[in-house]
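Chain letters run A, B, ... following the sequence lines, proteins first and then strands; every chain starts at 1.
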Amino acid sequence: MRFAPNPSGPLHLGHARAAFLNDEYIRRYGGRYILRIEDTDPKRVDPEAYDMVREDIEWMGLSITETIFQSDRFSKYYDVGRELIQKGHAYVCRCDNEVFKDLKMHKAACPCRSQSPEEAMELFEQMLEGAFAEGEVGVRLRTDLDHPDPAMRDYPLFRVLTSTPHQRVDAIVYPLMNLSVAVDDHLLGMTHVIRGKDHIANTRRQEYIFRYMGWDTPVYRHYGRMGIEGVVLSTSQMRAGIRSGEYSGWDDVRLGTLRAMARRGIQPQAVRNAVLEIGIGETDIQFSWENLYAKNKEIIDSTADRFFFVPDPVKVRVTGSEPVVAKAMRYPGDESRGYREIPFHGSIFLPGAELSSGAEFLRLKDLFNIRLYHEGDCVRGEYAGDDLQEARSKKAPIIQWLPETLASACILKCAEGDINGVCEPEALAEKDRIVQFERVGFARIDTLGDPAVAYYAHR
RNA sequence: GCUGAUAUAGUGUAGGGGUCAAUCAUGCAGGACUCUCACUCCUGCGACUGGGGUUCAAAUCCCCAUAUCAGCACCA
């Protein structure tokens, strides 16, 4: 099996599907799992992407057994190219692109097609020596001009590219993916290839090469296209968004990249479970965040300690009670995980939304009931008893609160925007921690400080 | 335009001639539990794209239509 990303940017959910699906087959049936970096187009290689891809794969925890770079293997591609030419299966085409396209659509041969293997070989060697300029020539495979699918007719194998130097290899002639992929799939002993439906035509093209070379073809599986609601998965579109300042970076919370998910506290195992559930169906699907969130919650709920986070905090003076200390469980129902101690002495923060909801009788969670009095722009609170049952029977909202003296500023980063708030200092004890802000949702503590920054995951 | 693939609840899946008045998860609604709108538990809601055909019997096989997606790049 293999996972073969193009190093043009960080990996996203679409990559994760291919990566985990292949990984799962390895887990179940054994075999080698080759990470193949497909960097045969210098125009599409982002030098930083090599590292990003490596990091993302580490995050996913794939059981990769070996890693290869196609840019190290150009000579192998040239060798196969020569062999195909020798066998009369390929020729060097000097036609104008538009002209060829037109001929192809009419099932007509271009003049170059009648080359002898010797002529073609001569031209190919000249190509390698740099005798031709970029765009002037290409090597094409002789397939079948009568093929009903125009996409199959004499497709290209190599091109000349000099305008963009490659990061890792000094080359004039570049293999195109159908050649390099077919060669590597064979040379690396691939028995099964699982990839997206968008490669279905490429599979058929590559099968020509396998046939001409007398190689056994792998078993191919093509899964359907996947879209994600409200997210662009296209690397180039994401890059454009970052450049224009619309996104803060590759890990912007609104992006479908793995690093964006990681930052929000989405666990790799959750992504794995979600994409494995989707499977290798050929149906095009619209991936919904809900399903991923459910998988993630399954994993993080039991380990995430609970804390108060007060969004859009409003300071309220509460009278009628002596200072007391509230004890709140770190995890409901599990005393062994201990308690947070939250002191009350008059002045507290309450969620702005709660005050404007119109409720007049509330319970401060783990403390006591209060009655609210709206006096102009100000809100005043008054102690209204300790009875939890009373609050329940009156269907009073049980809300989170924080004392003025024990409230750390915290920005909660959401896809919809930032929410300013305050939270318990203890929640900010360590970076990377995943907590649940009661009545708000799960979040990952991203940056300590004043204000601290937390990334919102989901409810 | 040509070529090909696909079509089951809002979303994702199972089911490949009878046991399907269709599985599971998620979602939503209600309830139980609970000092969170979390977790857990219970109940409910919600789907075979349309039309023909084959057959005693079709979600399942065939044809047509429709829709969606992909390819027809000197990208992967």
Side-chain angles (χ1 to χ4, degrees), chain A residues 4-8 38-45 70 93 95 97 100-101 104-105 107 132 134-140 147-153 155-161 173-178 180-181 195-205 222-229 235-236 273-279 281-295 297-298 300-302 304 306-309 326-329 331-334 363-369 386-389 391-392 396-400 436-442 458-459:
Chain A
N6 169 246
S8 58
E38 302 206 329
D39 53 352
T40 52
D41 180 4
K43 288 182 181 170
R44 283 182 49 134
V45 168
Q70 289 195 313
C93 179
C95 296
N97 226 344
F100 183 86
K101 190 175 178 180
K104 179 176 70 180
M105 285 309 180
K107 302 185 173 182
F132 297 101
E134 183 168 330
E136 205 180 337
V137 285
V139 177
R140 293 185 176 280
H147 199 289
D149 186 350
M152 292 301 127
R153 300 173 195 157
Y155 66 85
L157 300 178
F158 291 97
R159 63 169 165 169
V160 170
L161 214 169
V173 176
Y174 285 79
L176 274 334
M177 73 92 85
N178 280 301
S180 57
V181 165
R195 55 181 173 183
K197 236 166 64 170
D198 45 328
H199 285 295
I200 247 169
N202 291 322
T203 294
R204 287 202 297 265
R205 285 197 270 230
H222 301 97
Y223 55 77
R225 292 266 309 171
M226 179 168 72
I228 311 182
E229 53 180 15
T235 303
S236 54
N273 292 346
V275 298
L276 288 187
E277 188 172 277
I278 289 167
E282 289 183 55
T283 315
D284 297 333
I285 60 160
Q286 191 60 33
F287 183 85
S288 170
W289 290 107
E290 282 172 2
N291 294 304
L292 177 60
Y293 293 161
K295 299 286 178 204
K297 198 191 282 180
E298 218 167 72
I300 64 173
D301 181 84
S302 61
R306 269 55 174 167
F307 293 103
F308 287 160
F309 170 83
K327 289 180 76 182
M329 281 199 268
Y331 189 83
D334 186 354
R363 178 169 182 88
L364 303 180
K365 186 168 180 289
D366 301 305
L367 189 64
F368 50 57
N369 305 333
D386 292 325
D387 192 358
L388 174 61
Q389 292 317 316
R392 285 231 164 99
I398 299 173
I399 68 168
Q400 74 277 35
Q436 190 216 45
F437 288 138
E438 294 192 59
R439 310 208 321 137
V440 176
F442 294 90
H458 51 76
R459 272 178 48 186

Q. What is the distance from atom NZ of A/K365 to atom CZ of A/R439, rounded to the nearest 0.5 Å?
A.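 These two atoms lie 10.0 Å from each other.
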
Using atom [atom1] of each nucleotide, how far apart are [N] and [M] to the nearest Å?
N	M	atom1	value
B/rA67	B/rC61	P	23 Å
B/rC39	B/rG71	C1'	48 Å
B/rA14	B/rC24	C1'	7 Å
B/rU49	B/rA9	C1'	14 Å

Look at the side chain of [X] and the backbone N and O of [Y], then say whether any donor-acceptor pair between them is shorter than 3.5 Å.
X	Y	result
A/K107	A/H147	no
A/N273	A/K295	no
A/R306	A/A304	yes

When we call it a touch if two heavy atoms are under 4.0 Å apart, what does [X] touch: a base, just sugar-phosphate, or nothing?
X	result
A/N291	base
A/H147	nothing
A/R225	sugar-phosphate
A/M105	base
A/T40	sugar-phosphate
A/N6	sugar-phosphate
A/P175	sugar-phosphate

Q. So which one's nearest nucleotide on RNA chain B is more toward 5', A/T283 or A/S288?
A.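 The 5'-side residue here is A/T283.
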
Q) Taking for each residue the nucleotide of RNA chain B with the nearest heavy atom, is it A/R204 or A/D39 whose nucleotide lies nearer the 5' end? A)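 Its nearest nucleotide lies further toward 5', so the answer is A/R204.
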
Q) Do the side-chain N or O atoms of A/K104 get closer than 4.0 angstrom to the phosphate oxygens (OP1, OP2) of B/rC74? A)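 Looking at the OP1 and OP2 atoms of B/rC74, neither is under 4.0 Å from any side-chain N or O of A/K104.
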
Q: Report yes or no: is there a donor-acceptor pair, N or O only, under 3.5 Å between the side chain of A/E290 and the base of B/rG10?
A: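 Pair found.
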
Q) Would you say the side chains of A/R225 and A/T283 form a donor-acceptor pair under 3.5 Å? A)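 Absent: no donor and acceptor within the cut-off.
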
Q) How about A/D284 and A/Y223: does a side-chain donor come under 3.5 Å of a side-chain acceptor? A)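 Their side chains do not contain a donor-acceptor pair, so the 3.5 Å distance test is not met.
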
(Q) What stems show up for RNA chain B when you take Watson-Crick pairs (N1-N3 plus N6-O4 or O6-N4) and G-U wobbles (N1-O2, O6-N3), both under 3.5 Å, and require three or more consecutive pairs? (A)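 Detected stem regions: B:1-7 with B:66-72, B:10-12 with B:24-26, B:27-32 with B:40-45, B:49-53 with B:61-65.
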
Q) Under a 90° cut-off about 0 for the syn range, is B/rG12 syn or anti? A)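 Anti, angle beyond 90° from zero.
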
Q: Side-chain contact test, heavy atoms from C-beta onward, threshold under 4.5 Å: evaluate it for A/R195 versus A/T203 and give yes or no.
A: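 Side chain of A/R195 against side chain of A/T203, heavy atoms only: contact under 4.5 Å found.
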
Q. Distance under 6.0 Å and angle within 45° of the ring axis: does A/R140 meet both against A/F100?
A.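 So A/R140 does make the cation-pi contact.
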
Q. Using the ring of each side chain (for Trp, its six-membered ring), is A/Y293 parallel, tilted or perpendicular to A/W289, with breaks at 30° and 60°?
A.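 Answer is parallel, since the angle falls under 30°.
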
Q. Counting side-chain heavy atoms from C-beta on, which of B/rA76, B/rU6, B/rC2 comes nearest to A/P150?
A.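 Looking only at side-chain atoms, A/P150 lies closest to B/rC2.
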
Q. Which of these nucleotides, B/rU3, B/rA5, B/rG71, is closest to any side-chain atom of A/A151?
A.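 Between B/rU3, B/rA5, B/rG71, the one nearest the side chain of A/A151 would be B/rG71.
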
Q: Take nucleotides 29-41 of chain B nucleotide by nucleotide from the 5' end and write B, S or -, depending on whether a protein heavy atom sits under 4.0 Å from the base, only from the sugar-phosphate, or from neither.
A: ------BBBBS--

Q | Salt bridge flag under 4.0 Å for residues A/R205 and A/D149 | A |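 Salt bridge absent between A/R205 and A/D149.
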
